[in-house]
Amino acid sequence: MNRIVTASAAALIALTGAASAMTSDVSGYDAAQIRQFAPNIDLSLVDADAVKKAASVIENLEDDDASFAQIQNSVRHVLTK
């Protein structure tokens, strides 16, 4: 039983590290902002440049006082290209 628990813990640590490495170019703040507008999109599957662009879009549209829906549509558009 201990072997199974240990193996499971090691596998989870390895997977978490791999997912973290894939999004290492993206700050936690940017990822959190993007998840606010696109919670159903897995950021680990999106190119880091697209994630950075989405964060930039959020910042620019918030400065322009855009609505939540406008920002959400723009972010989804950038991330699904």
Side-chain angles (χ1 to χ4, degrees):
M1 183 68 165
N2 285 338
R3 289 182 188 177
I4 294 171
V5 172
T6 303
S8 297
L12 286 173
I13 291 169
L15 289 173
T16 303
S20 175
M22 291 174 64
T23 59
S24 63
D25 294 340
V26 179
S27 74
Y29 176 76
D30 289 343
Q33 257 191 327
I34 292 168
R35 285 189 190 102
Q36 178 184 359
F37 294 101
N40 296 334
I41 296 179
D42 186 0
L43 295 180
S44 66
L45 302 176
V46 179
D47 183 43
D49 292 333
V51 174
K52 288 180 184 179
K53 186 173 180 180
S56 176
V57 165
I58 292 170
E59 185 176 321
N60 291 335
L61 290 176
E62 283 182 339
D63 289 345
D64 293 340
D65 292 328
S67 71
F68 182 87
Q70 289 171 323
I71 298 171
Q72 187 177 41
N73 288 335
S74 297
V75 168
R76 287 182 179 172
H77 178 72
V78 168
L79 294 176
T80 57
K81 274 189 174 180

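Computed from heavy atoms alone, side chains included, the values below leave out hydrogens, waters and symmetry copies.
The side chain to side chain contact (heavy atoms under 4.5 Å, CB included) search around Asn40 returns none, not counting sequence neighbours.
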Quiz: residues 68-76 side-chain donor-acceptor pairs under 3.5 angstrom, not counting sequence neighbours:
| residue | atom | partner | partner atom | Å |
| --- | --- | --- | --- | --- |
| Gln70 | OE1 | Ser67 | N | 2.8 |
| Gln70 | OE1 | Ser67 | OG | 3.4 |
| Gln72 | NE2 | Phe37 | O | 3.1 |
| Asn73 | ND2 | Ala69 | O | 3.3 |
| Ser74 | OG | Gln70 | O | 3.0 |

Side-chain polar contacts of residues 53-66 - donor-acceptor pairs under 3.5 angstrom, sequence neighbours left out - could you list them?
| residue | atom | partner | partner atom | Å |
| --- | --- | --- | --- | --- |
| Asn60 | ND2 | Ser56 | O | 3.3 |

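Residues Ala50 and Val46 share a closest heavy-atom pair of CB-CG1, 3.8 Å.
A side-chain contact (heavy atoms from CB on, under 4.5 Å) with Leu45 is found for exactly one of Asp42, Leu43, Ile41, Asp47, namely Asp42.
Pairs of residues two or more places apart, or lying in two chains, never qualify as ring-ring contact (aromatic ring centres under 6.0 Å, His included) while including a residue from residues 38-66. The ring-ring contact (aromatic ring centres under 6.0 Å, His included) contacts involving residues 41-64 comprise nothing, where partners must be two or more places apart or lie in separate chains.
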